[in-house]
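Read the structure below first, then the notes.
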Amino acid sequence: MDREEYVEAVLLAVESIPPGTVATYGDIAAYVGQGGPRQVGAIMREYGGGVPWWRVIRASGIPAEEVGDTQLELLRGDGVRVTNGKVNLHQSRWTPND
DNA sequence: GCATTGACCGTCT
DNA sequence: CAGACGGCCAATG
């Protein structure tokens, strides 16, 4: 798979995340079946502009340092329960079968 | 082709 | 519950 296609696949995966739910970098990587969490992060940094990138967070429920504040606000806007700067993954985590 | 680096993850103190 | 640690995978110099 070319890098360009990988990027496409990741972006599509992110676009398929329903409002009110979130996914971790690792989840996206696993869903695409290629690369790892860090690759997904790198892609979001460059090409994430056109997709709901704010629905992608760390496995800890904490968003990336760079965009953390904005991201949390956007998530709240989507109806995601955010507690003390953290997302309740146990409740809002995305799974491909939804 | 090796070394560094990064929107990371799981496990073990 | 917070750090430390090692592992991970690809881009970049």
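In what follows, chains are A, B, ... by sequence order, proteins preceding strands, each numbered from 1.
Heavy-atom minimum distance, A:Ala29 versus A:Gly36: CB-C, 3.6 Å.
In this structure, A:Tyr47 has its ring center no closer than 6.0 Å to that of A:Trp53.
Listed by chain and number, the residues in a side-chain hydrogen bond (donor to acceptor under 3.5 Å, both in side chains) with A:Arg76 amount to none (sequence neighbours excluded).
Residue A:Glu4 qualifies as open at atom CD: its count of foreign heavy atoms under 6.0 Å is 12 or below.
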Pairs under 3.5 angstrom, nitrogen or oxygen only, protein versus nucleotides 5-9 of chain B, please.
from, atom 1, to, atom 2, distance (Å)
B:dG6, N9, A:Arg38, NH2, 2.9
B:dG6, N7, A:Arg38, NH2, 3.3
B:dG6, N3, A:Arg38, NE, 3.3
B:dA7, OP1, A:Arg45, NH1, 3.2
B:dA7, N7, A:Arg45, N, 2.9
B:dA7, N6, A:Met44, O, 3.2
B:dA7, N3, A:Tyr25, OH, 3.3
B:dC8, OP1, A:Arg58, NE, 2.5
B:dC8, OP1, A:Arg58, NH2, 3.2
B:dC8, N3, A:Arg38, NH1, 3.1
B:dC8, N4, A:Arg38, NH1, 2.6
B:dC9, OP1, A:Gly26, N, 3.4
B:dC9, OP1, A:Ala59, N, 3.3
B:dC9, OP2, A:Ala59, N, 2.9

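The outermost nucleotides of DNA chain C lying under 4.0 Å from heavy atoms of chain A, listed 5' to 3', are C:dC8 to C:dA11.
Proximity of A:Asp27 to A:Arg93: side-chain heavy atoms (C-beta onward) are separated by under 4.5 Å at one or more points.
Electrostatic pairing of A:Arg45 and A:Glu65 does not count as a salt bridge here, judged by no charged N lying under 4.0 Å from a carboxylate O.
To the nearest 0.5 Å, the span separating OH on A:Tyr31 from OG1 on A:Thr24 amounts to 14.0 Å.
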